[in-house]
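Chain A is the first sequence line, chain B the second, and so forth, proteins listed ahead of strands; every chain is numbered from 1. For clarity, every value in this text was computed on a predicted model and none was experimentally measured.
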Amino acid sequence: MISTPSNSVVFSGLQPTGHLQIGNYFGAVQNFVKLQTQYECYYAIVDYHAITVEHDPEELRRNTLEMGFDLLACGLDPKQCVLFVQSQVPEHTELAWILSAVTSYGDLQRMTQFKEKGETQEFVSCGLFTYPVLQAADILAYKASKVPVGEDQVQHIELTRRIARRFNARFGETFPEPDVLLTAALRLMSLADPERKMSKSLGPKHYIALNESEESIREKIKTAVTDVGPRTETKEKSPGVANLFLLLKLSASQEIYDQFESDYARGVLKYEPLKRAVADCLVKTLEPIRARKAQLKESEVREILHEGARTARAVARQTLAEVRERIGVGKLI
RNA sequence: AGGCCCGUAGCUCAACUGGCAGAGCAGCCGACUCCAAAUCGGCAGGUUGGGGGUUCAAAUCCUCCCGGGCCUGCCA
């Protein structure tokens with residue numbers, strides 16, 4: 001069997017949260033960069049998702065553009081992938097409405113992310129509830145079959161499959177059922193609370209941004225939580241130390257990494273030198289990204305995003321034409 | 001459309017019958033530590049949702065507005 005275009009399309013969406021942090025980079029974006037050389041990739045900065053909770057319009061605008069800068073700096077190449085802003089392709093929201101008609105209310109009620117996010121919000125919008133439907137539309141508008149996402153999104157992709165299946169059953173084969181593209185599950189943990197995943201929402205001590213100053217990176221690594229010392233009776237690393245080793249693996253040479261591993265195994269590792277090495281290597285690893293970002297001009301980023309939206313829209317429009325036809329709306333002849 | 005409840009520090013809440021707005025957590029600085037954590041010491045944090053009114057004095061009482069939640073009705 002030769003792979004057809006229909007099973008080689010990748011879609012992923014990123015919320016415009018402002019600057020990317022290194023957890024996003026090593027956990028997801030680095031993988032996106034790799035995927036763009038192997039698949040037909042659509043990457044969307046999903047601003048319509050961001051409005052489902054309270055937000056500031058100016059901040060959203062700024063964050064959306066900022067995300068474009070960061071993604072390009074990380075190595076997403078407009079020649080190899082389609083990078084765009086969700087709201088610039090209105091087919092997403094149109095398809096979301098259509099799909100909401102084949103989405104089970106009960107399924108949505110079972111989405112754990114809605115329950116969790118809803119608890120933190122004073123005002124729970126209807127949009128927050130139907131968020132997974134828009135996500136399904138994002139994916140299905142391009143008939144994507146592979147969706148690289150984190151573990152926390154797996155439930156939403158399963159819902160997307162159910163939505164696709166139900167649509168196909170009622171109106172005829174239209175969408176592929178997308179698969180989660182699980183790469184080597186790589187989770188950077190918070191520096192200040194290594195039991196939790198690194199996230200901006202936990203506070204500044206918990207994450208390192210891609211564009212963070214060298215001084216600040218060193219300070220945060222230095223104050224990262226460790227433990228009372230290497231344990232002799234068990235080889236198991238504490239979460240904080242394991243996290244530092246993961247950072248070292250991601251940024252240091254094999255030699256340096258092996259040296260620290262060996263020190264740890266022999267029970268002679270001191271955390272202070274480990275932290276110094278992690279900070280050194282991390283600063284060096286992020287430097288090229290910083291350099292690329294500094295070279296990007298705002299007008300250039302805007303143009304790339306607009307061009308991406310044009311390309312994406314051409315594809316999404318075709319899908320919508322087919323969908324409208326199948327469900328009996330639009331043209332009446 | 002009617003009724004009831006709520007809004008105080010970043011978060012969770014306290015403040016009697018109207019009497020100097022406070023605590024825990026989070027945050028910042030320091031001590032301790034190979035580095036951290038924990039612990040200890042210190043610091044900072046406020047238009048009490050907003051306007052108007054009563055009063056010597058309002059987070060507290062009255063009034064309007066904004067925001068949120070619940071109940072009922074109406075429509076279909």
* To do: Write out all pairs satisfying salt bridge (Lys or Arg N to Asp or Glu O under 4.0 Å) with one or both partners inside residues 69-86 of chain A, taking only residues at least two apart or from two chains.
  => A/Asp70-A/Lys293
* What pairs meet the salt bridge (Lys or Arg N to Asp or Glu O under 4.0 Å) rule with one or both residues in residues 86-103 of chain A, with sequence neighbours excluded? -> A/Glu91-A/Arg313, A/Glu94-A/Arg324
Name the pairs: protein N/O against N/O of nucleotides 6-9 of chain B, kept only if under 3.5 Å.
none

* Structure fact -> So the stems of RNA chain B, runs of at least three Watson-Crick or G-U pairs (under 3.5 Å), are B:1-7 with B:66-72, B:10-13 with B:22-25, B:27-31 with B:39-43, B:49-53 with B:61-65
* Structure fact -> What residues 243-255 of chain A contributes to the RNA chain B interface at heavy-atom separation below 4.0 Å is none
I'd like to check the ring pair (Phe, Tyr, Trp, His ring centres under 6.0 Å) partners of [X]; sequence neighbours left out, ordered by chain and number.
| X | result |
| --- | --- |
| A/Phe26 | none |
| A/Tyr25 | none |
| A/His92 | A/Phe84, A/Tyr142 |
| A/Phe69 | none |

Nearest whole angstrom, please: distance from the [atom2] of [N] to the [atom1] of [X].
| X | N | atom1 | atom2 | result |
| --- | --- | --- | --- | --- |
| A/Tyr271 | B/C34 | OH | P | 12 Å |
| A/Leu202 | B/G27 | CG | P | 11 Å |
| A/Phe123 | B/G67 | CZ | P | 10 Å |
| A/Lys220 | B/C28 | NZ | P | 10 Å |
| A/Asp227 | B/C35 | CG | P | 14 Å |
| A/Lys237 | B/A37 | NZ | C1' | 19 Å |
| A/Leu269 | B/U33 | CG | P | 19 Å |

* Supply the members, apart from A/Tyr48, of the Ile/Leu/Val/Met/Phe/Trp/Tyr cluster built from side-chain contacts under 4.5 Å; use none for a lone residue. => A/Ile51, A/Leu60, A/Leu134
Pick the [atom1] atom in [N] and in [M], then give their distance to the nearest Å.
| N | M | atom1 | answer |
| --- | --- | --- | --- |
| B/A23 | B/U17 | P | 22 Å |
| B/G24 | B/A31 | P | 23 Å |
| B/C25 | B/C64 | P | 42 Å |
| B/C43 | B/C35 | C1' | 25 Å |
| B/U12 | B/G49 | P | 14 Å |
| B/C74 | B/G3 | C1' | 15 Å |
| B/A9 | B/G18 | P | 23 Å |
| B/A76 | B/A15 | P | 48 Å |

Go through the side-chain N and O atoms of [X] and [Y] and say whether any donor and acceptor fall under 3.5 Å apart.
| X | Y | value |
| --- | --- | --- |
| A/Gln153 | A/Gln135 | yes |
| A/Asp47 | A/Ser87 | yes |
| A/His49 | A/Asp138 | yes |

* Confirm from the modelled atom types if A/Lys275 and B/C35 form a donor-acceptor pair under 3.5 Å, side chain to base only. => yes
Nearest of [options] to any side-chain atom of [X]?
| X | options | result |
| --- | --- | --- |
| A/Glu272 | B/G68, B/C34, B/A36 | B/C34 |
| A/Lys205 | B/G27, B/G69, B/C35 | B/G27 |
| A/Glu122 | B/C35, B/G27, B/G68 | B/G68 |
| A/Val225 | B/C34, B/A36, B/G69 | B/A36 |
| A/Lys270 | B/G69, B/A36, B/C34 | B/C34 |

* Asked: Does A/Arg170 have any salt bridge (Lys or Arg N to Asp or Glu O under 4.0 Å) partners at least two apart in sequence or in another chain, and if so, which?
  -> none
* Heavy-atom side-chain contact between A/Asp152 and A/Thr112 under 4.5 Å -> no
* Can you name the residues that form a side-chain contact (heavy atoms from CB on, under 4.5 Å) with A/Gln88, not counting sequence neighbours? -> A/Val85, A/His306, A/Ala309
* **Nearest-nucleotide 5' precedence on RNA chain B, A/Thr226 against A/His206** => A/His206
